[in-house]
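These notes are about the structure you will find just below.
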Amino acid sequence: MKNTIKSSLAAKQDEHPAPSRIFLIGMMGTGKSYWAEKLKKKLKVAAYDLDNLVEIMEERSIAEIFEQSGEDYFRKEEAKMLRLFKEKKEFILSCGGGTPCFSANMLWMNIQGKTIWIDEPPATLAERLYAERHHRPLIKDLSMNELISFLTSKLQERKVFYQQAAHKLSGTEITESNLLSIIK
């Protein structure tokens, strides 16, 4: 009887792993929002995009916030919004590329839940981002070569923070099953 109950419980855990608090981090264009949405559907848990929440709170786009109030202001508002997640029990949060690098956010996220760094090479990111760069304040005026150079430099600068994540998946490793095994 005990073995049957254990087997039944193990099967239920495999069907619906307990996600708790999941923070997806990495450079812009790595697919954090995409994977948050996929995991949301699979795990039936709320998923959020931190940049979108800041835009809603501010009633203006990230580009407008940067242009009108500056990056320092944006980073303060981003950190405030992030800290509101302390009140939530389980979620998947797609963080902006710079989120881990300011206001001791990386330390805070590691204390609050599981951090997963999604890592892609700068050339791959540039291919994904080039057409939509006008919506992203840090890269809006860059040519393709400048974009690759910028992303390479920015990744090098941010790596010290990204490396503090509990888990890392490169572009070749990221699959739904790999993400689910980390979350379990």
Side-chain angles (χ1 to χ4, degrees), residues 22-42 45-85 88 91-103 105-106 108-109 115-163 165 168-176 179:
I22 309 301
F23 299 92
L24 300 179
I25 66 162
M27 291 289 289
M28 65 179 98
T30 57
K32 300 177 302 281
S33 297
Y34 169 82
W35 287 108
E37 281 302 309
K38 285 202 59 112
L39 291 171
K40 168 187 171 177
K41 290 175 184 168
K42 182 75 174 178
V45 65
Y48 304 92
D49 182 294
L50 190 59
D51 282 348
N52 288 346
L53 293 173
V54 172
E55 287 179 333
I56 290 167
M57 180 180 69
E58 287 288 313
E59 297 181 337
R60 53 189 174 153
S61 71
I62 301 297
E64 290 171 329
I65 296 168
F66 267 67
E67 190 176 294
Q68 297 166 4
S69 304
E71 184 177 5
D72 287 344
Y73 175 83
F74 169 75
R75 297 299 176 192
K76 287 176 188 167
E77 295 308 305
E78 176 186 56
K80 281 186 211 172
M81 181 59 71
L82 178 64
R83 297 308 189 277
L84 293 176
F85 280 85
K88 294 196 168 293
F91 56 84
I92 301 162
L93 182 64
S94 170
C95 299
T99 304
C101 310
F102 297 90
S103 307
N105 289 339
M106 194 67 218
W108 187 87
M109 289 185 286
T115 50
I116 302 171
W117 172 23
I118 300 174
D119 186 26
E120 290 277 9
T124 300
L125 297 177
E127 286 176 30
R128 291 179 185 171
L129 293 167
Y130 188 74
E132 66 174 60
R133 71 191 184 284
H134 302 292
H135 303 289
R136 296 179 181 264
L138 295 177
I139 63 171
K140 68 179 183 172
D141 298 322
L142 302 180
S143 70
M144 180 59 98
N145 287 338
E146 290 170 330
L147 180 56
I148 293 170
S149 179
F150 171 83
L151 291 167
T152 301
S153 173
K154 195 56 80 173
L155 178 59
Q156 203 55 38
E157 177 186 308
R158 292 177 173 177
K159 207 174 212 177
V160 67
F161 298 99
Y162 292 165
Q163 289 174 332
K168 175 187 174 188
L169 288 174
S170 69
T172 57
E173 299 169 322
I174 189 158
T175 63
E176 189 175 288
L179 279 166

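Within the model, atoms CG of L151 and CG of L129 stand 6.0 Å from one another, a figure rounded to the nearest 0.5 Å. Interatomic distance, I65 CD1 to E59 CD, rounded to the nearest 0.5 Å: 10.5 Å. Atom CG of L82 is separated from atom SG of C95 by 6.0 Å, given to the nearest 0.5 angstrom. Rounding to the nearest 0.5 Å places CZ of F161 at 10.5 Å from CE of M109. Atom CG of residue L24 and atom CD1 of residue I116 lie 5.5 Å apart, to the nearest 0.5 angstrom. Atoms CG and CD1, from N52 and I56 in turn, are 6.0 Å apart once rounded to the nearest 0.5 Å.
Side-chain atoms of F66 and L138, non-hydrogen and from C-beta on, do get closer than 4.5 Å to each other. Under the 4.5 Å side-chain criterion, counting only non-hydrogen atoms from C-beta, F91 is in contact with F23. Using a 4.5 Å heavy-atom threshold, the side chains of M28 and L125 count as separate. The closest side-chain heavy-atom distance from I22 to L93 is not below 4.5 Å.
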*Evaluate the criterion side chain to side chain contact (heavy atoms under 4.5 Å, CB included) for residue pair R136 and E132; output intermediate values, then yes/no.*
CA-CA 7 Å; R136 296 179 181 264; E132 66 174 60; 2.7 Å; yes
*L142 vs I148, side chain to side chain contact (heavy atoms under 4.5 Å, CB included): CA-CA, chis, key distance, verdict*: CA-CA 9 Å; L142 302 180; I148 293 170; over 6 Å; no
*Tell me, with the steps shown, if E78 and D51 meet side chain to side chain contact (heavy atoms under 4.5 Å, CB included).*
CA-CA 8 Å; E78 176 186 56; D51 282 348; 4.2 Å; yes
*Decide yes or no on side chain to side chain contact (heavy atoms under 4.5 Å, CB included) for I25 and M106, but give the supporting numbers first.*
CA-CA 9 Å; I25 66 162; M106 194 67 218; 3.8 Å; yes
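Remark: D49 engages no residue in a salt bridge (charged side-chain N to carboxylate O under 4.0 Å, His left out) (not counting sequence neighbours). By the side-chain contact (heavy atoms from CB on, under 4.5 Å) test, L53 pairs with Y48, M81, F85, sequence neighbours left out. Taking the salt bridge (charged side-chain N to carboxylate O under 4.0 Å, His left out) definition, one finds that R83 meets it with nothing, sequence neighbours left out. Legend: residues meeting side-chain contact (heavy atoms from CB on, under 4.5 Å) with E37, ordered by chain and number and at least two apart, are K40, A47. When the side chain to side chain donor-acceptor pair (under 3.5 Å) test is applied to K159, no partner is found at least two apart in sequence or on another chain. Looking at residues two or more places apart in sequence or on another chain, you find a side-chain contact (heavy atoms from CB on, under 4.5 Å) between T124 and E120, P121, R128. Residues passing the side chain to side chain donor-acceptor pair (under 3.5 Å) test with E58 are R60, Y73, sequence neighbours excluded. Taking the side chain to side chain donor-acceptor pair (under 3.5 Å) definition, one finds that E67 meets it with nothing, sequence neighbours left out. E173 pairs by the side-chain contact (heavy atoms from CB on, under 4.5 Å) definition with L169, S170, N178, not counting sequence neighbours. Residues meeting the salt bridge (charged side-chain N to carboxylate O under 4.0 Å, His left out) test with E127, sequence neighbours left out: none. Among residues two or more places apart in sequence or in another chain, the salt bridge (charged side-chain N to carboxylate O under 4.0 Å, His left out) test is passed with E71 by R75.
Proximity of a side-chain donor or acceptor of K42 to a complementary backbone N or O of E176 within less than 3.5 Å is not detected. With hydrogens and angles disregarded, a donor-acceptor distance shorter than 3.5 Å links the side chain of T30 to the backbone of M27. Judged by distance alone, with hydrogens and angles left aside, the side-chain atoms of R133 form no donor-acceptor pair with the main-chain N or O of D141 at under 3.5 Å. Remark: the backbone N or O of S153 is not paired with any side-chain donor or acceptor of Q156 at under 3.5 angstrom.
Residue pairs meeting the ring pair (Phe, Tyr, Trp, His ring centres under 6.0 Å) criterion with at least one partner in residues 117-155, sequence neighbours excluded, are W117-Y162.
The minimum heavy-atom distance linking A79 with N105 is given by the pair CB-OD1, 3.8 Å.
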